[in-house]
Amino acid sequence: MKLSEIGEFGFIDRLRRRAPGGAELVLGIGDDCAASRLAPGELLLTSTDLLIEEVHFRRDWSDLKTLGRKCVSVNVSDVAAMGGEPSSLYLGLGIPAGFGVEDLDAFADGVLAACAEYGAVLAGGDTCGSPGPLFISVTVQGRVPEDQLLTRAGARPGDLLWVSGRLGESALALRELLAGGRPGPSAANAHHDPRARVALGRALAAQGLATALIDISDGLLADLGHILDSSAVGALVESAALPLGPDLRASLAADPSLIDLALSGGEDYELLFTSPPALAPAVAALGTELVPVTQIGRILPQGDGLRLLDAQGRPRKPSRSGFNHFGS
Ligand code: ADP
Ligand code: MG
């Protein structure tokens, strides 16, 4: 079915009928604004991501349902990275000519499924035609108890540096896709369907286990750099300790330089956090319970800067540059 047959308002109505409400959502899709209730003692978290076809994704690399899921997950990851949990999602769409109703339904399937998985509701958005590529803007709102907010500032010398999940396979998949190849299943999954680590972020915040927290979207060293800047500290990272998936491990056997995908590749959406050594058993327990966590280094005084050891334990000059849209 052509989109012109149902029009902008037909599409919005279609979405409205499919989007469930929530306890905090007083008014969802259908009026000029959504209206939500805030609980006393909680902070409202808000974050926006813009995803542009050919810049952030290619339509021939993943189906629209998976793309819908990914748009939600990468946005919700920012809420997880503050120790919060998501509540509402807002979806801006610039839709190219030729997009069918079935295409939008498939995309909405992914968006709504991911919202449900994270306990969030689709509360609003905006819909326009695009003369060019598909534009997707996602805004998430979440909540966190005021005394549990975790930021990039707060890491202290002596803290241990931890990361969730595995690093580098999303970048490995992108590298293979750009070269016209087909990524292995683990890498493809990491790239097309990352999971936001909400339960881990919440547990770290609620149990007071982390001193600083960030999600890795631009690459481990680049995002660690943000913690170092905000916390005014240095750090040591041990390449040999990095958690790697099976596809990256296999590729590394042929080309050891691919360890750089784990150090500087983007779009891992894992949580990177610092925690005092005395709390290591509690952090490890969360790793067993929720999602694996690995200690990959420790925090040093600011004057030590960022230090990197290679897979053999030899000092190596680190590059903090991750992905930068306006970089050369
Ligand atoms: P307005 O002209 O006041 O901006 P719209 O016609 O754009 O109103 O939107 C009507 C309702 O539909 C609003 O509640 C808006 O949040 C919702 N809406 C529009 N587009 C989307 C979308 N892509 N996803 C979710 N909700 C949407
Ligand atoms: Mg509007």
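Counting starts at 1 for both ligands and their atoms, following the listed order.
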Check: L263 main-chain N/O paired with D260 side-chain donor or acceptor under 3.5 Å: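 Between the backbone of L263 and the side chain of D260 there is no qualifying donor-acceptor contact (under 3.5 Å).
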Is [X] in polar range of ligand 1, meaning some N or O pair under 3.5 Å apart?
X	answer
L15	no
G30	yes
L91	yes

Atoms in ligand 1 with a heavy atom of [X] nearer than 4.0 Å:
X	answer
G124	16 (O), 24 (N), 25 (C), 26 (N), 27 (C)
I29	12 (O), 14 (O), 17 (C), 25 (C), 26 (N)
T127	19 (C), 20 (N), 21 (C), 22 (C), 23 (N)
F9	6 (O)
D32	3 (O)

Chi angles and distances behind the salt bridge (Lys or Arg N to Asp or Glu O under 4.0 Å) call for K65, D109: CA-CA 6 Å; K65 179 171 180 183; D109 283 345; 5.4 Å; no
Distance-only donor-acceptor check, side chains E24 and S36, under 3.5 Å: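 No, because no side-chain N or O of E24 sits under 3.5 Å from a partner of the opposite role on S36.
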Between S88 and Q141, a side-chain donor and acceptor under 3.5 Å: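 Not at all, the side chains of S88 and Q141 share no donor-acceptor pair under 3.5 Å.
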Side chain to side chain donor-acceptor pair (under 3.5 Å) partners of residues 271-283, not counting sequence neighbours, each pair once: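 Residue pairs with at least one partner in residues 271-283: T211-T274.
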Heavy atoms of other groups near R195 CZ, more than 12 under 6.0 Å: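 Enclosed.
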Exceeds 12 heavy-atom contacts within 6.0 angstrom, atom CZ of R175: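 Counting neighbours around CZ of R175, 12 or fewer heavy atoms of other residues, nucleotides or ligands fall under 6.0 Å, so no.
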Nearest candidate to atom 27 (C) of ligand 1, where distance is taken over non-hydrogen atoms, out of G125, G92, A34: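 Shortest heavy-atom distance from atom 27 (C) of ligand 1: G125.
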Among L89, L93, I12, closest by any non-hydrogen atom to atom 10 (C) of ligand 1: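 Among L89, L93, I12, the closest heavy atom to atom 10 (C) of ligand 1 belongs to I12.
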Test item, Y90 contacting ligand 1 (heavy atom, 4.0 angstrom):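 No, Y90 has no heavy atom closer than 4.0 Å to ligand 1.
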Value rounded to 0.5 Å, distance of CG in L112 from CG in L122: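 It is 6.0 Å, given to the nearest 0.5 Å.
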